[in-house]
Each structure stands twice: as C-alpha cells, then as structure tokens.
Amino acid sequence: MHARTIDSLALDSYQRAARTILANHLVTRTYPDRIALPLLRRWATELREDLAELFGYRLEVTETTARLFPVLDQLDAGRPARTTGDRVFDRRRYAYLALALAALGRAGDQITLSELADQVAAYTERVNGLELAPDRAADRDAFVDAIGWLAARGALTLADGDAGGWASDPEAGEALYDIDRAIVFALFRPPRALQHLQSVTGLLSEAAGGAAETRSPALVSAARRVRRALVEKPVVYADELDEPERSLLAQEKLVTEVEYLTGLRAERRAEGVALIDSSGRLSDVRFPGTGTLAQVALLLAGEIADLVLDIDNPVPRRPRPERPFTDLVAQLDSAIPLTTVFAPLADPLEVFGAQPDSEAEVEEPEIPEFPFLESSWIRDTVKMLTDRYGNTFAAQWQADLTGLTGEVVSLLERLRLVELVDGGLLILPALARYRGAIVTIRTRAESELFLSPTQLDSTTEHRSTEKGSGH
C-alpha cells in the first residue's frame, strides 16, 4: 500500500487526491475545480494501485480526465444525481441525461440546444412512456437540468446563447455548445453492454465484476466490500453485514488502511464504524453544516438524543423492518425494455446474492431493537424549534412547517442517523454523537426593514388576541 510509504510532508496531498476521486468518480479540467486534475495526475500511479488493492476499483487517468470505475455491492437510492440548483433528478431527468449522452456520442464538435433536444425527442419515441415535447415547459426544464449536469462536468461548454432563454421560450431563445468528446466517452462507460442485461443485478459487484474479482479469495472480496462500505456510506452498521464482513469491520488493520488512504478519522462504536469527514470533500452531504435545513437537523438531533438517552423516561423500542433488496431489483427490472435486449449475448438471469449452503447450519442473527419516536413528537419538536428560532430560518421555511419537517427528517435519514418507518422514526446509534451539540443561532438585526412570514403571523395573532380580549 503506497499510502504507508509516502513521505509525511506529501501525504496530505496524496490523501486529498484520494478523497477527490472517491467523491467525484469523474474529474476533468474544470470539475470539481481546476486544481483537482493536476493533483490526481501527480499521484496517478500510486492511486491506481491502492484503489485497486483496497477496493477493487479501476482508475483511468488521461491528460484531460480522471475516471474511477467503482464496484457496486448494492443499489443505493440515497445518492441521486442533482441539478446545479441542488434539485434531485427524477426519472425523466435521468432518461434525458442518458439519451443526451447517446446523442452527443454521435455529434460533431458543436451542437445547438434545440438540435440536441430534437435528437433526444426522436430517441424518446422508441421508449414506451417517455416523451420530450419542446412545447411543454416541464419537459424543457427537465431537459435543461440534464444538460446543465453535463455542462457542470465539462462535457458541454456554452459557446453562445442561453439555455435559460430556450427553456423560457424555444422560439426566441437558443444556446450553442462545444462538445468535449473525451469527457462524453469517459462518462458513458458501463461495466457491461447494457443491451446484454436482463436484470439490474448484472451491474453489481461479483455478479457484474471482472474475472479478476471472481477469482479472488472470498476473504479478500469480503474485505473489499467492507472498505467500500466505509467510504461510500455515512455509517456502516455491523448488524447490516454478514459474516465474515462483521468480523472484518471490527479489525483495527482494515479500518486503519482506509484512514491512511483518505486521511479521515474513523469513529468506532460497538454498533459500527463511521469515517468522520470534517473536510467535507468526501461526502456529498456536509453535516453539521450551514443553512436552515442543516441547522434545524442538528437542533432536532440534539433534542432526540436528549430524549432517547434519558434513562428516567425510556422510549419504546422496535426492530428495523425488513426491506427485501429483491423488491427494488424487481421494480427496476420491470422497467427494462426487453425488446432492446440483444438476446444472443444476453446474460442469464441470476438471483442476486450468495446462495446459502444447504448443509451448513445457519445461525439465526439476533434482531436488534431501536428507540422509536412517533411522527407527532417529531412535528411538535420542529414546531417548538421554529417558534424559538424561526426568525433566523430561510424565508421559504418560515411558513412551511410541514415541508421543513419532511426535509429535515430526509436529511437525517440520508446520513443514516434515523430510519423512517410507519408512524414515526427509528433512532439509529450514530445519532448519539450529536448529544449535547451546541448550535450557535445567528440573530437578525433589529433594523431589518421587512417582517418575516412568521413574524407577520405572530403579529397578526397578537393583534387579534388584543382585539378579542377587549370584548
């Protein structure tokens, strides 16, 4: 492992390069910033070998791109693509993105937005249930979001015009883009020909992996899965792993290897391990962070921790519900257009996951239980926080308590601190690290000219109360 032999004065540079490629998978001259690619090119040889040894990942570095090919062990709906405005991609945006990549692969050096939209619209006619109608504003907005995702990574560069103008009025607005073909081809590099897949499981780890992966000893493969989980998940809980992965997670050596490569500190608890990313460069969600949602989430986490850890008033406990992985696989497989599968080279359908040895005695794992809080308590607590600190929140959340509660809970769920279940939340062990957290709330200046919606409502209520009390 090269990270152990690199001079201590250069180790921080190497670890920054490792965090950058693990967080972004694709690095170009401009994405995520202009210093990332030179940094990766400096450490390309060492990184290529360390990433392959520890994770089974393949790294390709060229003059213009650095592309990491990760190995997926399971499907994860918690890390969706996002627009440049941080909106989550929906199915339509994903479809437009994929079809736009296909169109750009056949295009020349430049293309106008309307030409690209026409080509994507033609492709959508071959897919049942999908359409791009440039006369519909919702379709134009979704298409521009997909193009914006490509432009942010340098696959497209705006040469003239304005995509927003086309989205507002395609008859009056237009945009011209330069195409970076190297980045387009680096983006579209699936591990297998998609026309050969009859199931999404064909894209997953050993089911999809290369020959080298399948030839590896079982213990080596298990160690790689654990290391991959450490860098890809906010928290790795031991009860979610199988043997021997659970034993490997408890080993000091394995966790230390990941710490050496990333430069991050691991926080170990009996329930699992979390890499603490104070740099914010490895995670796609920086927490604690700034902004209303992050601050309310931290306040709510503190309130939850105080309640759950109060030994005088124990809260009820429940086991985590079973979430069969095969359900998600079945949903995705049902959407595969089988008419596009190239039957002569199609992979045979396989059941995901290792098959248990029928002769071996399988020990039933103990099912842990977690504190459960009802949804009403969550709503009341967010309302209490809003009443107390609401005048410091962003304007859009001050009058939208329901939306604020939903977004805050979603953020805590993405961080694997809580799990949403019927009627409330299960509190997962990692949330305990935020007990006693001190949050500094910025107060607004008294001289602000305009009242917030919360202030306006409270003022109105106050006046109404005064008027009513007079009768």
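Hydrogens, waters and symmetry mates play no part in the numbers below; they use all other heavy atoms, side chains included. Just so it is clear, the structure is predicted and the values come from calculations on it, not from any experiment.
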Other residues, nucleotides, ligands: >12 heavy atoms within 6.0 Å of Glu374 CD: no

Does the cation-pi check pass for Arg227 over Phe55, that is, NZ or CZ under 6.0 Å from the six-membered ring centre and within 45° of its axis? no

Looking only at non-hydrogen atoms, find the nearest pair between Ala394 and Thr292 and report the distance. N-OG1, 2.7 Å

Show me the side-chain donor-acceptor pairs of residues 128-135 shorter than 3.5 Å, one per line, residues at least two apart or across chains.
residue: Glu131; atom: OE1; partner: Arg136; partner atom: NH2; Å: 3.3

In terms of heavy-atom contacts, Leu158 and Ala175 come closest through CD1-CB, 3.8 Å

I need the single residue from Arg42, Arg19, Glu46 that forms a side chain to side chain contact (heavy atoms under 4.5 Å, CB included) with Tyr14. Which is it? Glu46

Please report, to 0.1 Å, the donor-acceptor pairs under 3.5 Å made by any side chain of residues 100-110, with sequence neighbours excluded.
residue: Arg106; atom: NH1; partner: Ala102; partner atom: O; Å: 3.2
residue: Gln110; atom: NE2; partner: Asp178; partner atom: OD1; Å: 2.6

Decide if atom CZ of Arg268 counts as having more than 12 heavy atoms of other residues, nucleotides or ligands within a radius under 6.0 Å. yes

Would you indicate whether Glu243, at its atom CD, is surrounded by more than 12 heavy atoms from other residues, nucleotides or ligands within a distance under 6.0 Å? yes

Report yes or no: does Arg318 contribute a side-chain atom to a donor-acceptor pair with the main-chain N or O of Phe372 at less than 3.5 Å? no

Does CG in Asp422 sit with more than 12 non-hydrogen atoms of other residues, nucleotides or ligands closer than 6.0 Å? no

Heavy atoms of Gly148 and Thr84 approach each other most closely as O-CG2, 3.8 Å

Taking the side chain as every heavy atom from C-beta outward, state whether Arg140 and Pro170 have any atom pair closer than 4.5 Å. yes

Pairs in or reaching into residues 93-145: which pass ring pair (Phe, Tyr, Trp, His ring centres under 6.0 Å), with residues at least two apart or in two chains? Phe89-Tyr94, Phe143-Trp166

State yes or no: are the ring centers of Phe287 and Tyr434 separated by less than 6.0 Å? yes

What heavy-atom pair brings Ala301 and Leu431 nearest, and what distance separates the two atoms? O-CD2, 3.5 Å

Might you point out which heavy atoms bring Gly202 and Leu197 nearest each other, and give the distance in Å? CA-CD2, 3.9 Å

Where the side chain of Tyr260 meets the backbone of Met1, is there a donor-acceptor pair that is under 3.5 Å apart? no

Side chains of Leu248 and Leu241: closer than 4.5 Å at any heavy-atom pair? no

Quick check against the 3.5 Å criterion: does Glu419 have a side-chain atom that pairs as donor or acceptor with the backbone of Leu428? no

How far apart are the closest heavy atoms of Arg93 and Asp145, and which atoms are they? NE-OD2, 2.7 Å

